Amino acid sequence: MPQHLIRDWDAHLAHEKRRSEHTRRAYIATAERFCAFLAVHRGGAVDAHTLASLTANDLRAYLAERRAAGLGNSSAARELSALRGFLRFTGGSQAAVPQLRGPRVKKGLPRPVAPAEALQLAQDVEDNARQGWTGARDFALLLLLYGAGLRIGEALGLTGAVLPLGDTLRVTGKRNKTRIVPILPAVAGAVARYVAACPWPIGKDEALFLGARGGPLQPGVVRASVRAARRALGLPERTTPHALRHSFATHLLAGGADLRSLQELLGHASLASTQVYTAVDAAHLLDIYRSAHPRA
């Protein structure tokens with residue numbers, strides 16, 4: 001097993017990608033399982049040359065074995081995403097990764113994006129970016145949507161005047177209504193990492209999130225990246241940038257936030273707009289009841 005490659009990838013995930021310890025453990029476990037599988041599947045020692053010579057059939061065979069062991073579609077899609085990252089790292093480019101469509105995930109009723117899925121989505125968008133700084137940009141932007149409940153237009157409307165981010169952020173929403181939202185340290189850190197990596201100057205009157213040529217980032221670019229990432233991860237089509245804002249609201253409500261506070265955080269003009277989240281949360285609780293209650 002190419003332990004030195006796995007160790008190098010772990011260091012890359014920790015220091016350059018800044019992945020959490022939990023994520024790194026999951027990714028490394030996937031890489032180790034895959035290399036152990038290859039040793040049997042290919043009938044020999046696994047090294048950098050072996051990894052560079054992989055085909056889509058090799059990945060397909062690995063996923064078939066994992067599925068036979070009971071792995072579901074969503075988990076198989078996440079493992080495939082981790083392997084793509086590992087092979088990109090060991091091969092040095094996207095071209096080193098065999099092309100293989102991820103497992104299909106059965107569509108269900110609209111539900112909030114789970115916290116782990118939201119983070120995985122942002123990470124996959126970053127990992128698949130053509131340039132390191134645009135990956136850091138997209139990761140920071142998606143964390144703002146999920147961690148602060150911003151609309152994509154609100155996030156793209158921010159300027160360099162908000163830097164450096166503190167504990168709160170003043171946001172201008174629909175009908176020029178302003179509100180104050182709290183900023184988590186992880187969100188502020190992601191924005192700071194993007195700003196440090198950005199090759200273009202970000203003036204106080206210029207857009208905070210810039211496109212590849214230095215102009216304001218367009219929402220279609222973000223939506224396209226999210227669309228590609230959700231397909232790679234096997235996430236449902238409801239997983240859009242705006243769904244991250246809905247998830248922010250639903251998770252706060254489930255955590256005990258009252259509707260009035262939620263209304264202020266989301267920038268809703270009326271309480272009726274906020275009350276929709278009570279129905280979403282009730283549906284989530286009903287799912288738990290049906291799966292756990294012996295009489296359900």
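Nothing here was measured: the structure is a model prediction, and the numbers come from that model.
Residues D8 and F89 meet the side-chain proximity criterion, which asks for heavy atoms closer than 4.5 Å. Taking the side chain as every heavy atom from C-beta outward, D138 and S225 approach each other to under 4.5 Å. The side-chain heavy atoms of P98 and T55, taken from C-beta on, include no pair separated by under 4.5 Å. By the 4.5 Å heavy-atom criterion applied to side chains, L121 and V226 are counted as neighbours. Considering only heavy atoms from C-beta on, V97 stays 4.5 Å or farther from L83 through its side chain.
Residues D58 and R42 are paired through a salt bridge, judged by an N-O separation under 4.0 Å between the basic side chain and the carboxylate.
Atom CZ of residue F34 and atom OH of residue Y62 lie 7.5 Å apart, to the nearest 0.5 angstrom. Summarising the geometry, atom CG belonging to L156 is positioned 8.0 Å from atom CD belonging to Q218; distances are rounded to the nearest 0.5 Å. Taken from CD in Q3 to CZ in R7, the straight-line distance is 6.5 Å, to the nearest 0.5 Å. Annotation: the span from L142 atom CG to L150 atom CG amounts to 12.0 Å, rounded to 0.5 Å. Note: R60 CZ to E65 CD = 15.5 Å, rounded to the nearest 0.5 Å. Distance OG1/T90 to NE2/H12: 11.0 Å, rounded to 0.5 Å.
By the 30° and 60° cut-offs, the orientation of the rings of Y27 relative to W9 is parallel.
In this structure, the side chain of S81 does not engage the main chain of A77 through any donor-acceptor pair within 3.5 Å. Between the side chain of Q131 and the main chain of A129, no donor-acceptor pair closer than 3.5 Å is present. With T30 contributing its side chain and A26 its backbone, the two residues share a donor-acceptor pair below 3.5 Å. Here the side chain of E154 pairs a donor or acceptor atom with the backbone of R151 at under 3.5 angstrom. For Y194 (side chain) and L208 (main-chain N/O), a donor-acceptor pair under 3.5 Å exists by modelled atom type.
Among all heavy-atom pairs drawn from A61 and H41, the shortest one is CB-CE1, 3.8 Å. Taking both residues in full, the closest heavy atoms of A190 and A140 are given as O-CB, 3.5 Å, listed atom of the first, atom of the second, then distance. Minimum interatomic distance between L141 and A155 (heavy atoms only, all atoms of both residues): CD1-CB, 3.3 Å. Closest of all the heavy-atom pairs between C35 and I6 is SG-CD1, 4.4 Å.
Looking at residues two or more places apart in sequence or on another chain, you find a salt bridge (charged side-chain N to carboxylate O under 4.0 Å, His left out) between D10 and R24. Listed by chain and number, the residues in a ring pair (Phe, Tyr, Trp, His ring centres under 6.0 Å) with F139 amount to none (sequence neighbours excluded).
Each of L217, I202, T134 was scored for a side-chain contact (heavy atoms from CB on, under 4.5 Å) with L210, with one residue passing: I202.
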Q.
Run N128 and R88 through side chain to side chain donor-acceptor pair (under 3.5 Å) and show every step you take.
A. CA-CA 9 Å; N128 284 285; R88 274 195 304 271; 3.1 Å; yes
Q.
With side-chain contact (heavy atoms from CB on, under 4.5 Å) as the criterion, how do L5 and D47 come out once you've worked through the C-alpha distance, each side chain's angles and the decisive distance to 0.1 Å?
A. CA-CA 9 Å; L5 292 176; D47 54 19; over 6 Å; no
Show your reasoning for whether side-chain contact (heavy atoms from CB on, under 4.5 Å) applies to F86 and L51. CA-CA 10 Å; F86 177 56; L51 296 176; 3.9 Å; yes
Item to complete: Output, in order, the C-alpha distance, side-chain angles, deciding distance and verdict of salt bridge (Lys or Arg N to Asp or Glu O under 4.0 Å) for E126 and R193.
Response: CA-CA 12 Å; E126 178 178 4; R193 182 163 65 93; 3.0 Å; yes
Side chains of residues 158-172: which donor-acceptor pairs under 3.5 Å do they make with residues two or more places apart or in other chains?
{"unit_1": "T159", "atom_1": "OG1", "unit_2": "A161", "atom_2": "N", "d": "3.3"}
{"unit_1": "T159", "atom_1": "OG1", "unit_2": "K204", "atom_2": "O", "d": "3.1"}

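Cation-pi check for R137 over W133 is met; the charged atom lies under 6.0 angstrom from the ring centroid and within 45 degrees of its normal.
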